[in-house]
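We name chains A, B, ... by the order of the sequence lines, and we start the count at 1 in each one. Since the structure is predicted, the reported quantities are computational estimates derived from the model, not experimental observations.
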Protein chains: 2
Amino acid sequence: MVRNTQQRTAIYQTLMGSGRPLSVTEIFELARNRVKGLGIATVYRSLKILEQEGRIRQVDLPGQSSRWELPGRHHHHFLCRICDKLFEIHACPVDIRKLAPKGYRLEEHDILLHGQCDVCAAPNAGLRQESNPAVLIAGKRRG
Amino acid sequence: MVRNTQQRTAIYQTLMGSGRPLSVTEIFELARNRVKGLGIATVYRSLKILEQEGRIRQVDLPGQSSRWELPGRHHHHFLCRICDKLFEIHACPVDIRKLAPKGYRLEEHDILLHGQCDVCAAPNAGLRQESNPAVLIAGKRRG
DNA sequence: GTAGCTGCAAATTCTTTGCAGTTGT
DNA sequence: ACAACTGCAAAGAATTTGCAGCTAC
């Protein structure tokens with residue numbers, strides 16, 4: 001039987017309150033504000049269990065560590081190369097099935113858009129950058 | 001000045017002859033047939049240098065190790081969940097730019113199709129599976 | 001009370017780096 | 001000749017696991 005421990009609750013609530021998918025490091029740092037002494041191994045273990053329960057979903061990104069999000073209807077993602085934050089895109093190209101070659105069985109598809117989010121693309125974004133708290137806890141950028 | 005060593009030539013020719021993107025492990029095992037004693041560190045280093053020269057390209061996949069391919073015009077990929085091989089898809093949805101939300105600056109996009117390739121989707125594919133040499137050297141499957 | 005959970009530290013896995021010897025130009 | 005390169009082994013980085021003590025039910 002799965003238990004609702006302080007740690008697991010803190011991790012889940014962190015995701016509930018985020019509004020966007022978070023990395024393990026982001027979750028760890030935010031949830032540690034709610035449960036002091038929280039260990040990173042507990043975060044990894046809890047995320048896996050919450051996923052098995054269907055309460056959260058893993059988002060794999062090319063060349064980066066996974067992010068985690070609340071389950072919802074089919075969607076894709078936009079990754080900002082400036083602040084490294086990931087956003088949900090609730091739209092999907094209609095003609096995606098036409099892309100699979102003859103004889104191939106298409107079962108799923110991932111689409112990841114890259115660029116700059118509205119905050120980072122805005123004029124004077126640099127001035128606002130350091131006052132955006134999410135940037136400070138964002139996962140490590142790729143080289 | 002960059003040199004054309006036996007090792008680097010073997011690695012490049014392995015990719016030239018593959019017809020599809022290969023993982024580091026696939027390249028290592030295939031190139032070792034051409035240069036005995038080849039070390040895995042040399043493969044990592046050579047791939048990076050070949051990429052800097054623009055002779056090959058890194059393909060990042062969600063939740064998997066990178067694959068490597070020859071550069072070509074814009075394309076996407078199809079990943080077979082049975083044999084774990086990656087294939088190029090030379091098509092692209094026309095309406096992709098419409099997916100970015102207002103204020104977001106779209107710079108690039110990745111599309112990854114998942115399913116079964118023509119060999120694995122074919123009737124009796126299981127019987128043919130073990131006679132497909134590419135399957136035997138394919139990178140590790142995800143859990 | 002006890003099975004499930006936690007934090008810590010050690011183990012894994014993948015990739016990178018230091019080093020001393022080798023090789024391409 | 002000598003800087004670039006190689007194999008090996010050790011170091012890093014991200015994630016997982018073993019274990020002894022803790023806690024939700």
Quick check for you: among D:dC5, C:dT16, C:dT25, whose closest atom lies nearest to any side-chain atom of B:Lys48? C:dT16
Could you tell me whether the side chains of B:Glu108 and B:His74 share a donor-acceptor contact shorter than 3.5 Å? no
Same apolar cluster (I L V M F W Y, side chains within < 4.5 Å links), B:Leu22/B:Leu50: yes
Whole-Å distance, B:Met1 CE to D:dA1 P, equals 17 Å
Look at A:Thr5 and C:dT6 and indicate whether a side-chain polar atom (N or O) is within less than 4.0 Å of OP1 or OP2. yes
Side-chain contact check for B:Ala41: nearest option of C:dT17, C:dA9, D:dT6 is C:dT17
Take A:Gln6 and B:Ile40, find for each the nucleotide of DNA chain C with the closest heavy atom, and name the residue whose nucleotide sits nearer the 5' end. A:Gln6
Interatomic distance, A:Glu53 CD vs C:dG4 C1' [rounded to whole Å]: 12 Å
When you measure from the side-chain N and O atoms of A:Arg8 to the phosphate of D:dA24, is any distance below 4.0 Å, counting only OP1 and OP2? no
When the rotation axes relating C1' atoms of four end pairs to the next four are compared across the helix from C:dG1-D:dC25 to C:dT25-D:dA1, five pairs an end, they differ to 10° by 30°
Taking atom P of C:dC5 as reference, at what distance in whole Å does atom CD of A:Gln52 sit? 10 Å
Looking only at N and O atoms, is any donor in the side chain of A:Arg45 or the base of C:dG4 less than 3.5 Å from an acceptor on the other one? no
In this structure, how many angstroms lie between the C1' atom of D:dG7 and the NZ atom of B:Lys36, rounded? 12 Å
B:Ile49 CD1 to D:dA3 P, in whole Å, measures 17 Å
B:Leu70-B:Val24 co-clustered via ILVMFWY side chain contacts under 4.5 Å: yes
Per nearest nucleotide of DNA chain C, the residue lying toward the 5' end, B:Ser65 or A:Gln7, is A:Gln7
Checking A:Arg55 against A:Gln52: is there a side-chain donor and acceptor pair closer than 3.5 Å? no
Answer with base, sugar-phosphate or nothing: what part of the nucleic acid does B:Val24 contact at a heavy-atom distance below 4.0 Å? nothing
Measuring to OP1 and OP2 of D:dT15, would you say a side-chain N or O of A:Tyr44 lies under 4.0 angstrom away? yes
Let me know the distance between CG of A:Leu47 and C1' of C:dT6, rounded to the nearest Å. 15 Å
Using distance alone, with no hydrogens and no angle criterion, decide if A:Gln58 and A:Ser66 have a side-chain donor and acceptor under 3.5 Å apart. yes
Looking only at side-chain N and O atoms, does A:His114 offer a donor or acceptor that is under 3.5 Å from a partner on A:His77? no
Using whole Å, what does the distance between atom P of nucleotide C:dG24 and atom CZ of B:Arg3 come to? 8 Å
Would you call A:Glu26 and A:Arg20 a salt bridge, using N to O less than 4.0 angstrom? yes
In this structure, how many angstroms lie between the C1' atom of C:dT6 and the CZ atom of A:Arg34, rounded? 19 Å
